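Residue numbers begin at 1 in each chain, while the letters A, B, ... track the order of the sequences. What you are looking at is a predicted structure, and each value in this text was computed from that prediction instead of being measured.
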Number of protein chains: 2
Amino acid sequence: MMKDFECTQESYAREVLREKGLKSTTQRLAVVHVLHTSRKSLSVGEIHDGVKEMLGATGLATIYRTLEMFEDLGIVKRLHFPDGGRGYAFSQGEHVHHMVCVDCRGVFDFPECPVESFDYASVEKQGFRVKDHFVQLFGQCGKCAEAA
Amino acid sequence: MMKDFECTQESYAREVLREKGLKSTTQRLAVVHVLHTSRKSLSVGEIHDGVKEMLGATGLATIYRTLEMFEDLGIVKRLHFPDGGRGYAFSQGEHVHHMVCVDCRGVFDFPECPVESFDYASVEKQGFRVKDHFVQLFGQCGKCAEAA
DNA sequence: TATTAAATGAGAATGATTTTCAATTAGCTC
DNA sequence: GAGCTAATTGAAAATCATTCTCATTTAATA
Ligand SMILES: [Zn+2]
Ligand SMILES: [Zn+2]
Ligand SMILES: [Zn+2]
Ligand SMILES: [Zn+2]
């Protein structure tokens with residue numbers, strides 16, 4: 001299965017999968033497509049709907065399996081909303097963070113890392129070794145601010 | 001219901017609840033107790049267990065209701081783990097962030113805010129208005145590093 | 001085109017969270 | 001301290017989210 005036209009995001013995913021000896025299945029590429037063509041983060045259900053629209057009946061378990069795997073591979077980033085909901089956004093492995101609109105769940109990247117230059121001394125003094133971090137900004141996007 | 005001995009955390013919760021016209025029930029104070037006496041973040045189930053140990057049979061729904069309410073009141077902070085799990089940590093409304101040990105789920109506060117001095121210009125240029133943020137550091141605590 | 005390990009689908013199973021409503025209780029007032 | 005009342009709880013059902021199982025299908029390679 002190799003489409004004539006393939007966007008950079010799909011090629012990227014295909015490449016990462018191949019490197020790991022994983023298969024570039026129709027379903028996996030559809031998940032990439034659905035995610036990267038959305039300017040908002042999507043819930044598992046929304047991704048499932050999007051994939052079904054492209055491919056017809058598709059198992060929900062496949063979506064779960066794909067998202068978990070993509071997260072490990074850095075192909076998607078999981079976001080957390082104040083209301084407890086979760087969303088997924090496409091990612092190309094780069095170190096980026098997101099700001100999310102709490103109204104429409106739109107996602108906006110920001111490549112600068114606010115934590116990068118942070119001095120961990122005070123926390124490492126407590127014997128803690130920092131390995132990773134999660135940063136997410138909340139707010140309102142321009143459209144939602146207007147609408148309000 | 002007013003205990004003879006009450007720690008500052010419990011008084012704090014009691015005060016916040018009173019200010020909002022909410023009742024300081026035995027169950028709610030037990031949730032506070034269980035959380036603030038734990039040096040690790042706790043899952044809903046663990047909190048439920050802790051409360052049952054203090055009070056005997058207690059409805060799980062009450063724990064959920066309490067945690068949701070406490071989150072709104074700033075009495076607890078919800079944490080997110082890489083494996084998808086969630087944990088809750090006691091909080092006194094202050095602006096703190098947490099580093100969490102991915103092995104034992106221990107929580108360590110750090111009062112410095114890495115995002116505070118961050119220049120939002122690049123993101124606000126996109127029409128986005130930043131209102132809040134979530135920062136969490138991951139790593140290994142001293143004990144778990146030794147054990148490993 | 002044949003081979004084969006990897007992946008999918010369907011539904012059952014499990015687990016997490018929310019809802020419902022009758023019974024209980026905290027926080028007043030007297 | 002007893003009585004009042006709205007807020008809260010408990011228990012179980014209902015709903016929603018996630019994982020598992022295993023027979024079938026498919027991508028990748030030769
Ligand atoms: Zn928006
Ligand atoms: Zn960063
Ligand atoms: Zn630890
Ligand atoms: Zn902060």
* **Phosphate-side-chain proximity, B:S24 and C:dA26, N/O vs OP1/OP2 below 4.0 Å** => no
* Asked: Which of the following nucleotides, C:dA26, C:dA7, D:dT8, is nearest to the side chain of B:T26?
  -> C:dA26
* Asked: Can you find a side chain N or O atom of A:Q27 that sits less than 4.0 Å from OP1 or OP2 on C:dG9?
  -> yes
* **Closest-nucleotide 5' rank along DNA chain C - winner of A:A57 and A:G21** => A:G21
* To do: Using the side-chain contact (heavy atoms from CB on, under 4.5 Å) rule, pick out the option among A:V44, A:L42, A:V34, A:V31 that qualifies with A:Y88.
  => A:V44
* Asked: Hey, does the side chain of A:Q9 reach the backbone of A:C7 with a donor-acceptor pair shorter than 3.5 angstrom?
  -> no
* Asked: So which nucleotide from C:dA7, D:dT8, D:dA11 ends up closest to the side chain of B:R28?
  -> D:dT8
* Asked: So, is A:R86 close to the D:dA17 phosphate, meaning a side-chain N or O under 4.0 Å from OP1 or OP2?
  -> no
* Donor-acceptor under 3.5 Å (B:R86 side chain, A:G84 main chain) -> yes
* How would you label the contact of B:L60 with the nucleic acid (heavy atoms, under 4.0 Å): base, sugar-phosphate, or nothing? -> base
* Asked: Taking OP1 and OP2 of D:dA28, is either one under 4.0 Å from a side-chain nitrogen or oxygen of A:R18?
  -> no
* Can you tell me the distance, in whole Å, between the CG atom of B:D83 and the P atom of C:dA16? => 12 Å
* Structure fact -> Rounded to whole Å, CD1 of B:I63 lies from C1' of C:dA16 at a distance of 14 Å
* Return the value, rounded to whole Å, for the distance between atom CG of A:D49 and atom C1' of D:dC16. => 15 Å
* Would you kindly give the CD-to-P distance between A:E68 and C:dT8, to the nearest whole Å? => 13 Å
* To do: Please check the phosphate of C:dT8 (OP1 and OP2 only) for any side-chain N or O of A:T25 closer than 4.0 Å.
  => yes
* Asked: Which nucleotide, C:dG27, C:dA6, D:dG10, lies nearest any side-chain atom of A:K23?
  -> C:dA6
* Asked: Between B:E15 (CD) and C:dG27 (P), how many Å, whole number?
  -> 12 Å
* **Position toward the 5' end of DNA chain D (nearest nucleotide), B:T58 or A:V44** => B:T58
* To do: Please check the phosphate of D:dT18 (OP1 and OP2 only) for any side-chain N or O of A:Y64 closer than 4.0 Å.
  => yes
* **Interatomic distance, B:M69 CE vs C:dT17 P [rounded to whole Å]** => 19 Å
* Have a look at B:R65 and say if it touches a base, only the backbone sugar-phosphate, or nothing, with a 4.0 Å heavy-atom cut-off. => base
* **Aromatic contact, A:F108 with A:F110 (centres under 6.0 Å)** => no
* Which word best sums up how the rings of B:F134 and B:H80 line up, parallel for under 30°, tilted for 30 to 60°, or perpendicular for over 60°? -> perpendicular
* Asked: Which whole-number value in Å describes the distance from B:K52 NZ to D:dT9 P?
  -> 16 Å
* Ion pair present between B:E15 and B:R18, side-chain N to carboxylate O less than 4.0 angstrom? -> yes
* Asked: Between atom CG in B:L22 and atom C1' in C:dT25, what is the gap in whole Å?
  -> 15 Å
